[in-house]
*Asks:* 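Take this structure first; my questions come after.
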Amino acid sequence: IWSAVRSPSPGERGAITAEMMVALPILTAVIGVALSGVQAGLAQLNLDEEAALQARYASLGGEVEGAKEEGDLLCVELHKTLTGGLWAIDPLELQSTACALRPPRSG
């Protein structure tokens, strides 16, 4: 039973260390890129929510900069640029548009 488990030969010592030295930077880069994608997704989600809130506020008569009337709708378009972290190398432009129904005018 114990004959199948052998200690590595002198030529194989350090092989795991060498593999880790190659794999660890690649794994770190992959995790960094994945986290940057999550950051961008969350920033887009927040921008979408902010645009929707501003469109609703404008439809209730509030003053919102850049609100545009499009038929029976009031639309708000927001932009944001991600420049932190990995985005410092190549900034990412985010854009969101939201519309809300304008209440009927009385009179």
Side-chain angles (χ1 to χ4, degrees):
I1 270 184
W2 295 104
S3 63
V5 178
R6 296 180 297 161
S7 63
S9 65
E12 294 178 2
R13 290 181 187 222
I16 293 176
T17 303
E19 290 170 0
M20 284 300 293
M21 293 297 290
V22 170
L24 195 57
I26 293 171
L27 182 62
T28 303
V30 167
I31 290 172
V33 168
L35 289 176
S36 293
V38 169
Q39 175 195 18
L42 290 174
Q44 181 66 48
L45 182 64
N46 288 336
L47 192 64
D48 291 343
E49 289 179 3
E50 182 64 27
L53 286 173
Q54 287 190 21
R56 279 187 228 130
Y57 182 70
S59 74
L60 295 173
E63 291 294 320
V64 175
E65 185 179 329
K68 298 176 185 174
E69 289 188 26
E70 296 181 10
D72 288 339
L73 300 175
L74 282 172
C75 296
V76 175
E77 185 173 315
L78 298 179
H79 298 272
K80 182 177 184 177
T81 303
L82 295 181
T83 56
L86 288 177
W87 302 116
I89 298 168
D90 187 18
L92 180 64
E93 277 287 325
L94 300 176
Q95 181 265 331
S96 181
T97 303
C99 298
L101 189 60
R102 185 169 36 96
R105 294 181 183 167
S106 60

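Here, residue 1 is the first one in the sequence, and each next residue gets the next number.
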*Asks:* Does E69 have more than 12 heavy atoms from other residues, nucleotides or ligands lying within 6.0 Å of its CD?
*Replies:*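 Counting other residues, nucleotides and ligands, CD of E69 exceeds 12 neighbours.
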*Asks:* Looking only at heavy atoms, which two atoms of A58 and L74 are closest? And how far apart?
*Replies:* O-CD1, 3.2 Å
*Asks:* Do you know the tightest heavy-atom contact between V76 and Q54?
*Replies:*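 V76 and Q54 have their closest heavy atoms at CG1-OE1, 3.7 Å.
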*Asks:* Donor-acceptor check, side chain of E50 to backbone of L45, threshold 3.5 angstrom: yes or no?
*Replies:* no
*Asks:* Counting only heavy atoms not in E93, do more than 12 sit closer than 6.0 Å to its CD atom?
*Replies:* yes
*Asks:* Find the distance between CG (D90) and OG1 (T83) and round it off to the nearest 0.5 Å.
*Replies:*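 One finds 11.5 Å between CG of D90 and OG1 of T83.
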*Asks:* Side chains of V22 and E19, heavy atoms from C-beta outward: is any pair under 4.5 Å?
*Replies:*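 V22 does not reach E19 side chain to side chain.
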*Asks:* Please output the side-chain donor-acceptor pairs of residues 23-39 that fall under 3.5 Å, not counting sequence neighbours, one pair per line with the distance.
*Replies:*
{"unit_1": "T28", "atom_1": "OG1", "unit_2": "L24", "atom_2": "O", "d": "2.8"}
{"unit_1": "S36", "atom_1": "OG", "unit_2": "G32", "atom_2": "O", "d": "3.1"}
{"unit_1": "Q39", "atom_1": "OE1", "unit_2": "W87", "atom_2": "NE1", "d": "3.2"}

*Asks:* Drop me the distance from C75's SG to R102's CZ, to the nearest 0.5 angstrom.
*Replies:* 10.5 Å
*Asks:* Within this structure, what is the CG-OG distance for the pair D48 and S96, rounded to the nearest 0.5 Å?
*Replies:* 3.5 Å
*Asks:* If you compare all heavy atoms of Q95 against all heavy atoms of Q44, which two are closest, and at what distance to 0.1 Å?
*Replies:* O-NE2, 3.2 Å
*Asks:* Distance from L101 atom CG to R56 atom CZ, nearest 0.5 Å?
*Replies:*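 Nearest 0.5 Å value for the CG-CZ distance: 13.0 Å.
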*Asks:* Taking atom CG of N46 as the centre, does the number of heavy atoms from other residues, nucleotides or ligands within less than 6.0 Å exceed 12?
*Replies:*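 It does: N46 CG has more than 12 such atoms within range.
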*Asks:* Side chains of L92 and L94: closer than 4.5 Å at any heavy-atom pair?
*Replies:*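 Side-chain contact under 4.5 Å: yes.
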